[in-house]
Amino acid sequence: MKTQMMVAGIILGSVCAQAQDKLVLDGSTTVGPIAKAFAEYYMRQNPGVTITVSESGSGNGAKALLNGTCDIANLSRDLKDAERKAMEEKGVKPVTHVVAHDALPIIVHPSNKIKGLTVDQLRDIYAGKITNWKNVDGPDLKIVVISRDTNSGTFETFKELVLKEEKICESAEYVGSNGAIRQRVQATKGAIGYAGLGFVDRSVKALEINGIAPSVKTVLDKTYPISRDLYMFTNGEPKEGSCAVKFLGLIHSEKGREIIEEIGFVPVEKK
Amino acid sequence: MNFAHEQIVLTVATRRRRKVTAWIGSALLFAVTSVAAVAVLAIIFFIARDAMPFFRECGAVSFFTTNAWYPTSDSPQFGALALFTGSFIVTITAVIIAVPPGILAAVCMSDLLPFNVRQLLKPILEMLAAIPSVVYGFFALVVLAPFMQDHLGASSGVNALNASIILAVMALPTIVSVSEDALQASGRELREGSYAIGATRAETLVKVVIPASFSGIFSAVLLGVMRALGETMVVWMASGNAAQIPKPFYNLLLPIRTLTATIAGDMGEADQMTGSAHYSVLFAMGLSLLFFSFLCNLAGEWVVTRQRKYLRGG
């Protein structure tokens, strides 16, 4: 009897250990690259650990945490009240971990001579009140408004920080990822779009907003008006010594901050 | 002797056993056949069940007649008229682009080209159907979109015309292949009969062969319509997804948004937990799509039966 229990205990223990050596992340396409780079680094340091990272959008990440299909949910926005309520009802206790800071640079075609916009002008453009670049001291060219799909955290952030009460105009085009928005903007002369700081390169032109260009410095001192935090959520505080704790510990480590900077986001202040 | 006697006159037990096995056999076949039908009915049932809360909550009138599509707003609006129009515009345009060349190509392949050329051409054409739709979408995005901006004066390269052209190309192999089969099926006798009474090749084609295979060609067109109506990935990538009714309606260089792309794009956020109306409205759109396909099928069925009657001389 005793040996039987011991065997059962050993089996149970090894099952637990196996379960700990697997980490599933799901959610935002903005946080995705950080999670993937972390996972790659972590798996190289700890062979035998399997980490899978899916990028299905912040909304899906929250859903996955609610349904218990992921260990860590990546979100590029905070949880909504409705999501928190649903989690409470299901007994899921979301714990917030700020991964990095990000800004939403406003990008236009590189040939566009316009230098900057104010947040109010930007809101009017997305609300359809300004439809030509010449009304904001730009060339005589129709503005093609491009937005992320309403499923993305990036859209939620943009709505919260720029649109506020305004509704996005009917003629706005929607695309499914940060990369796609950059591709559309660099291929369309009159286009305007927004994407995560890490996705802006020389193929597009980032505008000054209220006279401030998006950069690491302006994000950290919070002068750039359209900036946000990126999050990872776990169900309850992860157990001491578990895979999740070590993984999340990367956020504050030297290497983790280096990775985040390399991808183009702004690491959080050292603890 | 005795053996043969037994086989001719069956005992009551044998007869009963044979009856039962025959009954089981046909019941089994019936069950297998009905799996498909049951699957369709089950899909309709579950979609309708999830769509009902939306109609109860928000009503059907504003859904079908207004075009303010703001599902994630604080006071959400679910006017899907622009989405219905979008689906309608790309489907009709794609069919208009694809049908004439499709039928001409089918006629050419079945009646004009030498046999070995046709044997070569048909598999190549059917390969068009094997290209994954995301690859078509990619093509639309990186080749067609810049072309439209540079040469057609479109302010945005992803628009109704772009999506329609790609959908037309995707529907083409189905239309050509099925029409060609229909033209082939009309038979050699018909053509030889026509030549025998002195008709030229053109007259035979236009006045005999094509009318005789009309029902098959019609089915081909219908399959093309369904392909265009139901396609999701390509329209998500190539149509721009702007929930507006183009002004004027024939301006195909404006971005539009279709029902299928909306379902695919909004499904992630629209869980039961974040607002049931946004979730069930997608099922309401799915139900509408199902309804349209069903109507198309019925229309097709009706045309085919009428045609058969006509050909029989009824």
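Here the structure is a predicted model, which is why all the values come from computation and not from measurement. Throughout, protein chains are lettered first and strands after them, A, B, ... in sequence-line order, and every chain is numbered starting at 1.
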Atom CD1 of A:I146 and atom OG of B:S156: how far apart are they, to the nearest 0.5 Å? 6.0 Å
Is it the case that more than 12 heavy atoms not belonging to A:E88 sit under 6.0 Å from its CD atom? no
Over 12 non-hydrogen atoms of neighbours within 6.0 angstrom of CD in B:E126: yes
Tell me, for A:Q183 versus chain B, whether the close heavy atoms (under 4.5 Å) come from the side chain, the backbone, both or neither. side chain
Okay, B:L254 and chain A: the region with an atom under 4.5 Å from a heavy atom over there is side chain
How many angstroms lie between CD1 in A:I168 and OH in B:Y70, if you round to the nearest 0.5 Å? 8.0 Å
Verdict with supporting geometry, B:R257 and A:Y174, side chain to side chain contact (heavy atoms under 4.5 Å, CB included): CA-CA 9 Å; B:R257 190 181 180 102; A:Y174 292 90; 3.2 Å; yes
Qualifying salt bridge (Lys or Arg N to Asp or Glu O under 4.0 Å) pairs with a residue from residues 231-251 of chain B, counting only residues at least two apart or across chains: B:R227-B:E231
Under 4.5 Å from a heavy atom of chain A, the part of B:N159 involved: neither
Which answer fits A:I143, side chain, backbone, both or neither, if we ask what part of it has an atom under 4.5 Å from a heavy atom of chain B? neither
Pairs under 3.5 angstrom only: tabulate donor-acceptor contacts from the side chains of residues 285-295 of chain B to other protein residues two or more places apart or in another chain.
unit_1 : atom_1 : unit_2 : atom_2 : d
B:S288 : OG     : B:A284 : O      : 2.7
B:S293 : OG     : B:L289 : O      : 2.9

Looking at A:K205, I'd like to know if its NZ atom is crowded, meaning that more than 12 non-hydrogen atoms belonging to other residues, nucleotides or ligands lie closer than 6.0 Å. yes
In this structure, are over 12 heavy atoms from other groups packed under 6.0 Å from B:F249 atom CZ? no
Would a distance-only check, ignoring hydrogens and angles, find a side-chain to backbone donor-acceptor pair under 3.5 Å from B:Q149 to A:A187? yes
When rounded to the nearest 0.5 angstrom, what is the spacing between CE in B:M148 and OG1 in A:T188? 12.5 Å
Partners of A:K85 by side chain to side chain donor-acceptor pair (under 3.5 Å), sequence neighbours excluded? none
Suppose a student defines contact as a heavy atom less than 4.5 Å from any heavy atom of chain A. Which residues in residues 233-246 of chain B would they list? B:W236, B:G240, B:N241, B:A242, B:A243, B:Q244
For B:F138, look at atom CZ and say whether over 12 heavy atoms of other residues, nucleotides or ligands are found less than 6.0 Å away. no
Between A:V145 and chain B, which part of the residue has a heavy atom less than 4.5 Å away: side chain, backbone, both or neither? neither
For the NZ atom on A:K115, are there more than 12 heavy atoms of other groups (residues, nucleotides or ligands in this structure) within a distance under 6.0 Å? no
